[in-house]
Each structure stands twice: as structure tokens, then as C-alpha cells.
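Okay, so here's the structure we're looking at.
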Amino acid sequence: MPLEDLLQRRFASFRTIYLPTAGRLRECGFELLATGQRPHFTVRLRRADDRELEELLAALGPARPNPQYARSAVLGVEG
């Protein structure tokens, strides 16, 4: 599914998004659990302490504005 479609259908209510790759998250030592909702994974945290959360934020990369944020509500598009 193209990114724009995915953002519009499933993430239009999120103002900010992160676009990490599974490979990048694995390189940073995070375990990924399949959710059955491709291309979505759950990141398994070992400790969930401040240090690990900082590592996760760094692995996610920069926050980006979601170009589809609330677009369906503004345009009246059903998603």
C-alpha cells in the first residue's frame, strides 16, 4: 500500500509520524513482534526505562508532519 494511502486510512488522526525501517530498529537492538497487520510491528522493550526510551526515540529518526493529518475530516473523505 502506498504511504499516502496508509497515512490517510490508518493514521490521519496523528499530527506527527515517524518512518523508521524495521532494519534500523533491529540494528539498534530492538526486537520486533509481528502484529499480523502488515506493515505494522510492535517494538518490544526490555526495560522501558529512560535510557531505553531515549534509544528508541533516536532509532525512530526525526518526527515528521503527517501530510494526511485530519485531511479526511476537512475534506469530508471517508477512510
Side-chain angles (χ1 to χ4, degrees):
M1 174 182 303
L3 178 60
E4 292 299 315
D5 290 348
L6 183 63
L7 293 175
Q8 183 178 25
R9 291 180 186 190
R10 295 183 50 198
F11 300 101
S13 63
F14 294 88
R15 182 183 309 261
T16 303
I17 58 170
Y18 294 88
L19 299 173
T21 64
R24 170 74 178 144
L25 292 169
R26 279 193 219 107
E27 284 173 7
C28 293
F30 291 99
E31 181 181 0
L32 301 179
L33 306 173
T35 63
Q37 297 180 5
R38 193 174 172 225
H40 185 263
F41 289 89
T42 295
V43 177
R44 183 175 183 184
L45 300 176
R46 297 172 304 276
R47 300 175 310 273
D49 59 13
D50 288 345
R51 181 177 176 199
E52 186 175 39
L53 295 176
E54 287 175 17
E55 291 170 358
L56 176 59
L57 283 174
L60 291 176
R64 303 168 190 229
N66 181 353
Q68 299 297 323
Y69 173 67
R71 185 168 183 227
S72 61
V74 172
L75 298 177
V77 175
E78 297 280 329

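By convention here, the first residue in the shown sequence is residue 1.
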If you look only at distance, which donor and acceptor atoms sit under 3.5 Å apart when one is on a side chain in residues 40-62 and the other is two or more places apart or in another chain?
from, atom 1, to, atom 2, distance (Å)
His40, ND1, Thr35, OG1, 3.3
Arg44, NH1, Glu31, OE1, 3.4
Arg46, NH1, Gly29, O, 2.9
Arg47, NE, Asp49, OD2, 3.1
Asp49, OD1, Arg51, N, 3.4
Asp49, OD1, Glu52, N, 2.8
Arg51, NE, Glu55, OE2, 3.3
Glu52, OE1, Arg46, N, 3.2
Glu52, OE1, Arg47, N, 2.7
Glu52, OE1, Ala48, N, 2.6
Glu52, OE2, Arg46, N, 2.9

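- Under the 4.5 Å side-chain contact rule for hydrophobic residues, Tyr18 and Phe30 share a cluster.
- Of the inter-residue distances, the one linking Phe14 atom CZ with Leu7 atom CG reads 10.5 Å to the nearest 0.5 angstrom.
- Between the CG atom of Asn66 and the CZ atom of Arg15 there is a distance of 10.5 Å, given to the nearest 0.5 Å.
- For the pair Pro65 and Thr16, the minimum side-chain heavy-atom distance is 4.5 Å or more.
- Atom CE of Met1 sits about 7.0 Å away from atom CZ of Arg10, to the nearest 0.5 Å.
- In this structure Arg64 satisfies the side-chain hydrogen bond (donor to acceptor under 3.5 Å, both in side chains) test with no other residue, sequence neighbours excluded.
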